[in-house]
Amino acid sequence: MSEFVLEQQNVAAVEQQNPKDRIRRWVWRMCVATLMLMAIGSATRVMNAGLACPDWPLCYGELVPTKQMNFQVFLEWFHRLDAALIGVSAIALVGVSWWNRRCLPKWLPWASTFALFLIIFQGILGGLTVTQLLRFDIVTAHLGTALVFFSTLLAIGTALTPYQATGTVGKLPWVGLTATILVYVQSLLGALVGSRWALHQCFAGYQLCDVMYSHIFGLIPPTVAILTLVFMAWRTPALHPALRKLANMAGGLLILQLIVGFATFRLHLQVEPLTVSHQAIGATLLGILVVFTVLSLRDWVANRSINAESNTETANPIPN
């Protein structure tokens, strides 16, 4: 028993001495919470609950509007609650990063500060969506900022995760980066379609059909990029298992997203859970591509460093 207690104390001591591991776990939890936040935000829009709380930041002038509480009010209120908790976590992340900056990578405090800036800006946009009565450009920017914040957290968490480079990635980092950017742009187009209710208006009166078709035909470039990524990952020998798994996950999510998107289109957005799933899968696909890109870039940089050291040793051999 005493040995077990001592072992637990040693583990706790190691964790206290290694803030990098604690921050990494912290960031990954924030990633999960942010993905949930975007899913709840999508449900809020689909269920026409964006103005269920007519004021901001309170809801009917209260922290918890118990008298007015119904499903729509709950969605909007819970969405704000989740955002507030993530905001507090971002503030704490900045404080811990700067406090322990001497034993952390130099870029980490600045990256966490950038993430905090994004969540503050996101909160401002969230308030404007209410006060400006769901103006489509603000709603689109609201989601776009959330995706950048989500991607920033994923990049931080991935950069802090232990990884052993294999030096076999080749051009995969650049293909991954291209696919990430294209999926992000496609997500913005989807947000524009949703915020302007373009699909409903096109089916009802042939209005905003150009907005709807921009999203439909806009899926071609990211689809080609992701399929290229998967094909190159399969063809790359000795690729790190994590990268191969991430590439396969991206391919699987792409197929699922296309199926769900087609079903959503055919059903004219009448099935709310399907519409919410469409956005959640898109955000998850973007996240997988961000993780793949960061890991493959770490592999590429490590390989270049090893080659540079080898070339230096070859050019300057140690005399006998």
Side-chain angles (χ1 to χ4, degrees), residues 31-32 34-43 45-47 139-140 143-144 146-148 150-151 154 172-203 208-236 242-293 295-296:
C31 291
V32 175
T34 304
L35 183 60
M36 292 177 56
L37 177 67
M38 290 188 289
I40 297 169
S42 176
R45 180 187 60 79
V46 171
M47 299 299 295
V139 174
T140 302
L143 176 61
L147 289 172
V148 174
F150 179 55
S151 299
L154 287 171
L172 278 173
W174 317 116
V175 178
L177 181 60
T178 301
T180 301
I181 295 172
L182 290 175
V183 170
Y184 177 76
V185 173
Q186 178 68 356
S187 298
L188 289 183
L189 289 175
L192 186 61
V193 170
S195 62
R196 301 194 69 178
W197 299 96
L199 189 60
H200 294 86
Q201 294 195 51
C202 184
F203 286 141
L208 298 178
C209 291
D210 54 338
V211 177
M212 182 189 71
Y213 285 121
S214 68
H215 181 59
I216 293 176
F217 291 107
L219 63 87
I220 296 176
T223 298
V224 172
I226 293 172
L227 291 178
T228 302
L229 176 71
V230 175
F231 177 76
M232 290 180 63
W234 285 352
R235 298 278 295 179
T236 302
L243 292 175
R244 198 179 301 278
K245 183 177 180 179
L246 287 168
N248 291 335
M249 290 175 63
L253 285 172
L254 171 65
I255 295 173
L256 181 61
Q257 180 73 331
L258 292 175
I259 294 173
V260 173
F262 178 76
T264 303
F265 176 81
R266 294 292 296 176
L267 295 173
H268 296 191
L269 300 178
Q270 296 302 312
V271 183
E272 288 85 0
L274 202 62
T275 306
V276 175
S277 299
H278 186 55
Q279 181 172 323
I281 295 170
T284 305
L285 175 59
L286 176 65
I288 292 296
L289 291 173
V290 169
V291 174
F292 179 93
T293 302
L295 280 183
S296 58

With side-chain contact (heavy atoms from CB on, under 4.5 Å) as the criterion, how do Leu172 and Phe292 come out once you've worked through the C-alpha distance, each side chain's angles and the decisive distance to 0.1 Å?
CA-CA 9 Å; Leu172 278 173; Phe292 179 93; 4.2 Å; yes

- Query: Taking it one step at a time, do Leu147 and Met38 satisfy side-chain contact (heavy atoms from CB on, under 4.5 Å)?
  - Reply: CA-CA 8 Å; Leu147 289 172; Met38 290 188 289; 3.5 Å; yes

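Leu189 is linked by a side chain to side chain contact (heavy atoms under 4.5 Å, CB included) to Gln186, Ser214, His215, counting only residues two or more places apart in sequence or in another chain. The side chain to side chain contact (heavy atoms under 4.5 Å, CB included) test applied to Ser195 returns Phe136, Val139, Thr140, Leu192, not counting sequence neighbours. Judged as a side chain to side chain donor-acceptor pair (under 3.5 Å), and not counting sequence neighbours, Ser151 has no contacts. Every residue meeting the side chain to side chain contact (heavy atoms under 4.5 Å, CB included) condition with Val175, not counting sequence neighbours, appears here in chain and number order: Thr228, Leu229, Met232. Residues meeting the side chain to side chain contact (heavy atoms under 4.5 Å, CB included) test with Cys202, sequence neighbours left out: Cys209, Met212.
The heavy-atom pair separating Ile226 from Ala179 by the smallest distance is CG1-CB, 4.2 Å. When all heavy atoms of Ser296 and Leu243 are compared, the closest pair comes out as N-CD2, 3.9 Å. When all heavy atoms are compared, the tightest approach of Leu35 to Ala283 is CD1-CB, 3.9 Å. The heavy-atom pair separating Leu143 from Ser187 by the smallest distance is CD2-O, 4.4 Å.
Two residues are said to be in side-chain contact when any heavy atoms from C-beta on lie closer than 4.5 Å; Val211 and Gln201 fail this criterion.
Within the 3.5 Å criterion, the main-chain N or O of Gly144 finds a donor-acceptor partner in the side chain of Tyr184.
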Atom pairs and distances, side-chain donor-acceptor, residues 248-266, under 3.5 Å, sequence neighbours left out:
{"residue": "Asn248", "atom": "OD1", "partner": "Trp234", "partner atom": "NE1", "Å": "2.8"}
{"residue": "Asn248", "atom": "ND2", "partner": "Arg244", "partner atom": "O", "Å": "3.3"}
{"residue": "Gln257", "atom": "OE1", "partner": "His278", "partner atom": "ND1", "Å": "3.2"}
{"residue": "Gln257", "atom": "NE2", "partner": "His278", "partner atom": "O", "Å": "2.9"}
{"residue": "Thr264", "atom": "OG1", "partner": "Val260", "partner atom": "O", "Å": "2.7"}

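The distance from the CZ atom of Phe150 to the CG atom of Leu154 is 4.5 Å, given to the nearest 0.5 Å. Atom CG of Leu289 and atom OG1 of Thr284 lie 11.0 Å apart (nearest 0.5 Å).
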